[in-house]
Structure formats: structure tokens, C-alpha cells
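Before any comments, here is the structure.
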Amino acid sequence: MDIPLRTVAVVGLGTMGTGIAEVLARAGREVIGIDISEAAARQAVSSLEASTARAVERGRMTDEERRDALARFRTFSDLQAVADADLVIEVVPESYEAKQQVFRALDAIVRPTTVLATGTNALSVTRLAADSARPERVLGLHFFNPAPAMKLVEIVSSVLTAPQAVEAVTALARDLGKEPVAIGDRPGFVADGLLFGYLNQAAAMYEAKYASREDIDAAMRLGCGLPMGPLALLDLIGVDTARTVLEAMYSESHDRLHAPAPVLKQLSEAGLNGRKSGRGFYTYAAAGSQEVVPDALTPRESADTAVGRPVRSVGVAGSGTMASGIAEVFAKAGYEVVLAARSQEKAEKAKARIAKSLSRSVDKGRMTAEAREEALGRVAPADSLDAFADVDLAVEAVAEDLEVKQQLFATLDKVCKPGAVLATTTSSLPVVACARATSRPQDVVGMHFFNPAPAMKLVEVVRTVLTSDEVHATVREVCGKIRKHPVDCGDRAGFIVNALLFPYLNNAVKMVEQHYASLDDIDAAMKLGGGYPMGPFELLDVVGLDVSLAIEQVLHREFRDPGLAPAPLLEHLVAAGCLGRKTGRGFREYAGR
């Protein structure tokens, strides 16, 4: 049975409903907007007028196309106006009671063939469908905010949904220029199912005072390439909305990772729901504003009174990609660099890698040939840590093995002069365990660079309970000089980025294990719906499944949360030697290593 969807009604003209109406009107559909608030309806019309005017200014549509789109959008306060609609999309508040009330009213108004869609991102589509007189025509149609810009649309079927309804809505989504992903009915669906667990953990991290809100957000933007930090995103979504989604997820999964962080309840019950209320994790210039204004929690530049030690020369231990990348960063910033490896040959190869990287920068016009030669001339390869005798800062970037690192720090303790700062680039091991291998644990700190070090702006500065204020200040000053953004965090597994990133990746693997969605659909959902630069399975294959498993095991051991236990599928792939791109096969197969 063919179900043409030419006239579409949108019930609820808030931000999301208005965005959906705009997408439909610009795509040639007759759109009926319904809201009990006349002010909301007027605002929706004004928003469409403003956005289409901007589109004309930018050459994305003509004046005639704009006039036609505006003429296709009509608003009403009475639900009876949807009687002739082929599709009704409800986007009223996330409440079973509110949505069920709409669906019951629609049953008495619309034609038997009208498709009814809920825009929920948290509630059960099956439960809503079961309350309808015709459950076979009810499905979920989850757009992402802002609807005109975001490409993803999740199409959610219940066990009652007729295939014809799904086909009709899928065809509509494609006609709107969206990427439809067909999935089953469970709280959060794909994108929000993964996203909100991550957001919840970020809220809990902030609540535990492990790191500041600014550092948590900067870490995830700069360390993962995300368009927004998690706390700023919670403010955009709405703290109350996030709490509702998490409550629904937890009621089904009973996974502690989905149990809403207490701070979400405290903020929402205080009416501090983010941008829409003018205050949430951050404070805004006004309700609805995106301008963040200083408040009592905003860091003060004068807060850190400690003065760092002078650093003129730097030693980098290691010969791999990370070591050569870090050495390049310091050399370009004007530091004299000693690059020490286990043999002179390995050290020379690492320097050659730096030379190639610098040459690429010259080819791309990012530096001059003269600057390249000067930077390369500041790198002195060495075959022994004895060459670190006069360095002011020693940075190790050797294998992620605690025993290996402890032996190296014991050697640095003997070789390096008094007052030298000793730093580890570990991403998962306890920094204090490296510090205790020396007689000067107060001089040991974590400097977690991200790969590739020359390109990635983030450095996680990890203080142990023994790190001195002076050493901490030294590293932060150095980060400024090498043009990196430092974020402060304590010495616990995963620090900020990995502690938030890898549970999200693990949950994606579990989603595939449960046959809820495919690799391709999950990757597409997170890129198109969450703005992630890579889908979780693309990223896992790039990082390496063995590396990912090791980090997840460390997180599970440290926090002892059952929800952090590595997914068996990940363990099985590693056991089979399928480690990702480096072996030619991981979650996907590749043409070569």
C-alpha cells in the first residue's frame, strides 16, 4: 500500500518542532503547525522567516522559493486542523502523559491511513503505539537538533509497526535530504543511547570535582575533535531533558552508567536547565542566549600563584611516533631537545621521522625551509638516557608497560640533575607509581599528549598527591610555550578523555553484540547525529583493538563498575589477532596493514 506523505502536521512548535517544520516546508511539503500557545506559533513563523531570509542572503534559495516555503507553513492552535494530514509528527514535552493525550486525540481526528510519528528520544514507541487505536501506523521519527542542519533521522519501529508506514517515512526522510537509520525500540535509540551515557559520566566527573567544567569540555573538544564539550552540550540539550532520557535508559538497562548523576537532579529541580533557563552548568547572558558569562566558578587567571621552574632544554625518551612527535613540538617551539632511544640507529630514525614531518609542513606553507632547518638542528639524537644529564624537563614516551616505565624513571632519577621535572606521557597507568620509582616524587607529573602530537592541541596535566605546585606550574607554562592547551586532572585511570571516551566505545560494541544495530548504522548515527568526526568502530580500528581493550580493562579494574567490563566481542577479536587497521582486520576488513 503506497502512503504518499504530502501534507505533514507538526504538533508542538518549540525549537525542535519549528526546525522540523522548516525542513518540511523548504522541501515542498504542506506543513500544518500546531501549538496551544499562540506566542509559540508566532515565534515559529518568525524563525522560519528569519532562517529563510538568511538562506536567500547566502544564495541557498531564491526569493521565490522563500515565498513558496513560507506560504506552505500554516499555524493553528486547534488540533482539529490536522484532519487532512498524511503524517503527524508530535514533538511535545518528553512525558508519556502528554504524548498519550496527543495520540488519543489524533485517533478521533485523522484518517485511518494517516501515519503518526513521535519525536521522542527517550520514551517507548511501543508503549505509545499500544495506546493508539491503530498501533500499526505509529512509529518513531527522531530528528536531531538543529533539525535543518543535522542529517540523521532515526526511524524507530515497534513490534506493531506496519512495514508500509516505515517505508513511507523512510522515503520522506531521504526526500528531505536526511540520512535515515532504521532501528528498534529502546530508550535512547542509537545516537542518544550512546551519547547520554557519555554525558552522564561527564556530569558525574564534574560533580566529583575531578576536573573543572572548562577543562572537561576542552579535553573532549580538543582530544576527540567533538564540536562541543559534554557539559556545554548538556546545557544546550536541557538538563531536564537529559535527566528524563537517562531515567528511561536506566529503567530498562539498570546499568549504573545510565543512572542520572545526582547533579542533574539538583540542577533540574532548581530550574537550572541550561541555556533555555539562562543557567545550568554554565551561566548565560539571558534565558535562551548562547553567550556564556563569567560566574563564581569561572577560573581566575591569578588563581595559580606558584611560579614554574625555567625550562630551556628537554629530553624525550622513546623512538616511536609519539616520542618523535613530542620532540618535534618542543623543537619547533625553540627548545633544545635530546631524543634518546635504545640505540643510536633508532634515535636517528626518529629524527628522520621528524625531518619528514617538518618537510610536509614546509610543503603546506605552514613553515619556512629556514625554520625547518632551525627546528631540526635543535634535535640531538642519543643512544642513552645519560644524555639527559643537563635537561630541565624529561618526558618519557616509551611502551605502555608499568614495569618498563618504572625502570626508566629509576634511571632518570640517577641521571637527571636536581630540579629537573620528570614527566610521563602514559594514557592509562598510575603516574604516582612512576613517581615512587624515584627519590623525588614531587618532581614527577603526567603530560599526556595526544597522537599525532604536532597536530593535537590538548595536553592532560596529571598531578599526583605528591606533585609539587612548582612542578605543576612549570608544566602548564611549558604547555603555553609549545602552543598546547593544558587541562588539569588527578591521577586516576583514563584521566579525562579516555575515562569518558572508552566506555562510550565499549557501549557501541555491546550494541552490536545485542544485534540492535549494525556497525555502519551506529557509525553513521554518531557522525550525523552527534557531530563526531569518526564513528565508534572507525575509531576503534584506528586506535587498535588491543590498545582499546587494555584501556577498558584498566578502567574496569580501577572503578570496579560492572558497566565498564569490556564487551566480550572486543575480547574475542583481540584474541583472534584482529586488532584493526594495523593488522588489516578489526571490526572491518582493510586492503592492507
Side-chain angles (χ1 to χ4, degrees), residues 120-123 140 142-145 150-156 179 181-205 220-221 223-231 233-234 236-237 241-261 264 494 497-543 548 551-552 555 561 563-567 569-570 587:
T120 184
N121 64 344
L123 306 180
H142 181 211
F143 287 80
F144 288 75
N145 198 19
M150 301 299 281
K151 291 293 186 183
L152 180 68
V153 175
E154 291 179 321
I155 298 175
V156 188
E179 295 285 344
V181 173
I183 52 178
D185 182 24
R186 81 179 203 183
F189 312 133
V190 171
D192 286 352
L194 295 175
L195 177 65
F196 278 88
Y198 149 71
L199 296 178
N200 193 40
Q201 288 179 282
M205 180 181 281
M220 299 313 291
R221 283 189 293 103
C224 295
L226 300 181
M228 294 183 76
L231 302 179
L233 183 54
L234 279 164
L236 175 62
I237 292 167
T241 301
R243 181 185 170 195
T244 300
V245 174
L246 287 163
E247 290 282 12
M249 291 172 65
Y250 181 70
S251 68
E252 179 165 309
S253 71
H254 299 292
D255 186 335
R256 280 169 52 194
L257 298 179
H258 299 151
L264 297 176
V497 174
N498 286 347
L500 295 178
L501 174 64
F502 281 89
Y504 148 78
L505 296 174
N506 198 40
N507 285 337
V509 179
K510 291 177 182 177
M511 203 173 264
V512 167
E513 275 183 339
Q514 295 161 6
H515 304 288
Y516 177 65
S518 69
L519 300 178
D520 291 341
D521 280 350
I522 293 172
D523 275 355
M526 297 317 296
K527 288 191 291 184
L528 299 174
Y532 282 63
M534 300 178 78
F537 298 101
E538 290 178 276
L539 183 56
L540 282 161
D541 278 354
V542 168
V543 170
S548 301
I551 293 173
E552 288 175 9
L555 291 171
D561 189 324
L564 294 174
L569 175 58
L570 181 61
F587 282 99

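Quick note: numbers below take in every heavy atom, side chains included, and nothing from hydrogens, waters or symmetry partners. Here, residue 1 is the first one in the sequence, and each next residue gets the next number.
The two residues A499 and L555 come nearest to each other via the heavy atoms CA-CD2, 4.0 Å. Here the closest non-hydrogen pair linking I522 and P536 is CG2-CG, 3.7 Å. Of all heavy-atom pairs between A204 and A261, the closest is N-CB, 3.9 Å. Taking both residues in full, the closest heavy atoms of G197 and H258 are given as CA-CD2, 4.2 Å, listed atom of the first, atom of the second, then distance. Contact detail for E513 and A567: the closest heavy-atom pair is OE2-C, 3.6 Å. Looking at every heavy atom in both residues, P260 comes nearest to L246 through CG-CB, 3.7 Å.
Considering CZ of F587 and CG of D520, their distance stands at 13.0 Å, rounded to 0.5 Å. Between R243 atom CZ and L234 atom CG the span is 13.5 Å, to the nearest 0.5 Å. In this structure, CG on D521 lies 9.5 Å from CD on E154, to the nearest 0.5 angstrom. Separation of atoms CZ (R256) and NE2 (H254) is listed at 14.5 Å; rounding is to 0.5 Å. Summarising the geometry, atom CG belonging to L194 is positioned 4.0 Å from atom CE belonging to M511; distances are rounded to the nearest 0.5 Å. The distance from the CD1 atom of I237 to the CG atom of L195 is 5.5 Å, given to the nearest 0.5 Å.
Between the side chain of N200 and the main chain of L257, a donor-acceptor pair closer than 3.5 Å is present. Judged purely by atom type and a 3.5 angstrom limit, E552 has no side-chain atom pairing as donor or acceptor with the backbone of P566.
L501 has its side chain within reach of L539: a pair of non-hydrogen atoms, C-beta onward, lies under 4.5 Å apart. Contact annotation: the side chain of Q514 approaches that of R186 to within less than 4.5 Å [non-hydrogen atoms, C-beta and beyond]. A heavy-atom distance below 4.5 Å is not found between the side chains of V153 and L528. Within the 4.5 Å cutoff, no side-chain heavy atoms of N506 are placed close to those of L564. For the pair T120 and F189, the minimum side-chain heavy-atom distance is below 4.5 Å.
Taking the six-membered ring where the residue is Trp, F144 and H142 present tilted rings, their angle falling between 30° and 60°. By the 30° and 60° cut-offs, the orientation of the rings of Y532 relative to Y198 is perpendicular.
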Pair V509-L540, side chain to side chain contact (heavy atoms under 4.5 Å, CB included): steps then yes or no: CA-CA 10 Å; V509 179; L540 282 161; 3.8 Å; yes
